[in-house]
Structure formats: C-alpha cells, structure tokens
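Both ligands and their constituent atoms are indexed starting at 1 by order of listing.
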Amino acid sequence: MPVILAIESSCDDTSAAVIADGIICSNITATQAIHSEWGGVVPELASRAHQQHISVTVHAALQEAGIELDSLDAIAFTQGPGLAGALLVGMSFAKGLALALNKPLIAVNHMRAHVMANYIEHDVPNPHLCLTVSGGHTQLVWVTGDTKMQVIGETIDDAAGEAFDKTAKLLGLPYPGGPLIDKLAQKGNPNRFTFASPKAGQLDFSFSGLKTSVRYFLEKEVRQQPDFIERNKEDLCASIQQTIISILLKQTQQALQTYPAKALTLAGGVSANSGLRRAFGELGVTLNLPVFIPSMQYCTDNAAMIAKSAHYQFLEGDFAGQDAEILPRFSING
Ligand code: KG4
Ligand code: ZN
C-alpha cells in the first residue's frame, strides 16, 4: 500500500510509472525525437506526440509492473510547471482513468518531483540542499522534510540546460546540445578560453551573459579564421562547460554558508553532465558532506519521480478533484 500509477507529460517525454509501497516497479518513457529537426521543443508537436504515445506508455508501465488497473489506489499526473498543451494531455488521461476506476487523483509539481528523484535510490538526510538543473529551470532548493521544501535561489534568465543548448547551437551542434558539449568537452582543455560568468542576486543564477560572451567571441574569431570553431570545438566545449559548472558550484557553496545542509543532492536533466557530477562529488569531499545524484534514468524527465512524489502526497491525504486544472507556471513555493 499504496499502489499508484503516475503520468508525466510536461515537456517532450511521455512517461508512465508504477510505484508500490514507495518502491518503483516500472518507469517507461517515450522520448519525442521530432523536436531535434526544429532546434528546440515545438509545443504543438509535443502535445500531439503525447496524445499519440500516452496509452501505449501507460499500458507498458502497468504490464512491466505486473499490475492490473483495478489494483491501483490512485492516479497521479504532472500538474505543472510545463507546456500547457502537453500537461493537458497527461491530466486529461489521468482524469479519465480515475473516473472510470473510481480512484483518487494526485496532482504533482514537476520541480518538486525532480528533487524527490533523489529519494528513489537513496536515504537522503534532511535538511539538505538540492541543485535542480534542467532545460527550463535552475534552482537551489532547501529541503527540510520529505514533502517540505522551498526555492532559495533560481535563474533570473536562461536555465543551465538552455545555456548548454544555446551555446551548442552557436557551435553548430544540433538540439539538445548539452549531451554533445559533455561528450566533446571530455577531450578538450577547460582552461583554454575564458567566458563571462555573470553575477545575479545573493543565491540566484544568470546565464544569458555567458551565451552573449560566447557569441561575440566566436564572431570575432571566425572573422579572422573561418574554420575556428571546427578546429577548436573540443576546447570550446570544455571551456563553456567549465564556466557553467563553476557558476553552479559557486552559488551552491554560497547557499551552504547560510543553510546548514546535512547533504547535497543534484536533480534535473543537466545532472547527467559528467563534469558536473564529478565536480559536485569533489565539492562534497572538500566540504565533508555526503552527495547524492540520481541515476541517469531519474535525472531527465521521468514518471518515476512523479510517482515518488505522489507516494508521499498519498500518505498525507493530498488528493486532487476532477475539477483540477493544469498550472503551467506552478512554483515549489506555491
Ligand atoms: O530535465 P530535462 O530532461 O528536461 C526539462 O525538464 O527541461 O533537461 C533537459 C536538459 C537539456 O537542456 C539538455 O541539453 C540537458 O538537460 N542535458 C545535458 C546533458 N544531458 C541532458 N546538459 C549537459 N550535459 C549532459 N550530459
Ligand atoms: Zn524536468
């Protein structure tokens, strides 16, 4: 108890998971390849693809978990933040299923769920500090209990993932550029080029100045040497990645000055970055703090994290009605 089916459809991944008694039994994700042709996620195409994939994905998640529909105790869905049309597909599917089965609904905050992904595989002590880095968000989250958390710092412009994707685009790499920068950076010299590390408020982040600094630098160099990017791709990637990581780590350390964390956690798609994972681990060793990072499948968007969040909400009696609405700008802080 309880057995919950969770559905995630906030961006470009259609995902379904089953959790039983707090343990993930299945986590199936259909990733939408179509967006790479357009250099970014196209909302209308995302909604259509969710609509196309959702029944099959839910069916596969139930099948892998060996769970029949009537054994479910609740149906959870991502309420926000995310793309409105994409969220509507997941919520409507969840509502239809809940109505047909006469089961309660659980509405989950996607950013909260990214943080909760850390609880799937680890016993994380509280209070702890989570750095959530994704394509749409960059947040420092202070977690004081299983469902108690607040955002204490966030980006004032681009997200860390956008910083990777937009600078990758300047280098002529296809979308999403983050994983490609990561790969090329492994063979490059991170100290070869220096780019701007813009400052934001106390614990906030800013990345748009970095993108502009990379753009001006490339324009200048390419004028003198047309194949500059091709010749220096690996060093460029390593230097850009290093700058993004140092901005992230600096604010994390700054937060630790005022927030007495017992552990550090990472969450979101950018936590798949090998340089960030390494640097975060090293920071933990330096500060003598345990560091937890979800395995890859729970870093990028997935329904298992929605299911984990829903599990705790179920225990607290936090259910939604059939009149629930999507919240495309849903904040952790309410
Ligand atoms: O959390 P996520 O899957 O989706 C959102 O909710 O946004 O994050 C996607 C972001 C993209 O910007 C992608 O480029 C980035 O995560 N990403 C990476 C890596 N893998 C994914 N960025 C840097 N290095 C990676 N290895
Ligand atoms: Zn996400």
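For ligand 1 and Gly135, the ligand atoms under 4.0 Å from any heavy atom of the residue are 5 (C), 7 (O), 8 (O), 9 (C), 10 (C), 12 (O). Annotation for ligand 1: atoms under 4.0 Å from non-hydrogen atoms of Pro176 are 14 (O). Counting the atoms of ligand 1 from 1 in the order shown, those under 4.0 Å from a heavy atom of Ala272 are 20 (N), 26 (N). Residue His114 approaches ligand 1 through these ligand atoms, each under 4.0 Å from one of its heavy atoms: 1 (O). Close approach of ligand 1 to Gly136 is summarised as follows: ligand atoms under 4.0 Å from at least one heavy atom of the residue are 7 (O). Atoms of ligand 1 lying under 4.0 Å from at least one heavy atom of Asp182, given by number and element, are 24 (N), 25 (C), 26 (N). Those atoms of ligand 1 that come under 4.0 Å of a heavy atom in Gly161, given as number and element, are 12 (O).
Given atom 3 (O) of ligand 1, the protein heavy atom at minimum distance is Asp301 N, 3.3 Å. In terms of protein heavy-atom proximity, atom 13 (C) of ligand 1 is closest to Asp165 OD1, 3.8 Å.
Among all heavy-atom pairs drawn from Val108 and Ala76, the shortest one is CG2-CB, 4.3 Å.
A distance of 11.5 Å separates OG1 in Thr243 from CZ in Phe193, rounded to the nearest 0.5 Å.
Residue contacts with ligand 1, taken as heavy atom pairs separated by less than 4.0 Å, involve Thr300 via backbone and side-chain atoms alike.
For Lys95, the NZ atom is densely surrounded, since the number of other residues' heavy atoms within 6.0 Å is greater than 12. Counting non-hydrogen atoms of other residues, nucleotides and ligands closer than 6.0 Å to CD of Glu68 gives a total of 12 or fewer. Heavy-atom neighbours of Asn102 CG from other residues, nucleotides or ligands within 6.0 Å: at or below the threshold of 12.
Taking 2.8 Å as the criterion, His114 counts as a coordinating residue of the Zn ion (ligand 2), since one of its N, O or S atoms falls below it. At a cut-off of 2.8 Å, His110 coordinates the Zn ion (ligand 2) through an N, O or S atom.
The atom of Asp301 that is an N, O or S and sits closest to the Zn ion (ligand 2) is OD1.
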Apply the test salt bridge (Lys or Arg N to Asp or Glu O under 4.0 Å) to residues Glu219 and Arg215: give CA-CA distance (whole Å), side-chain angles for both, the deciding distance (0.1 Å), then the verdict. CA-CA 6 Å; Glu219 280 172 5; Arg215 196 177 73 224; 3.7 Å; yes
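The closest approach between Cys11 and ligand 1 stays at or above 4.0 Å for every heavy atom of the residue.
Under the 3.5 Å distance criterion, the side-chain polar atoms of Lys166 are left unmatched by any main-chain donor or acceptor of Lys211.
Ile293 and Val124 are not part of a single hydrophobic cluster, where members link through side-chain heavy atoms under 4.5 Å apart.
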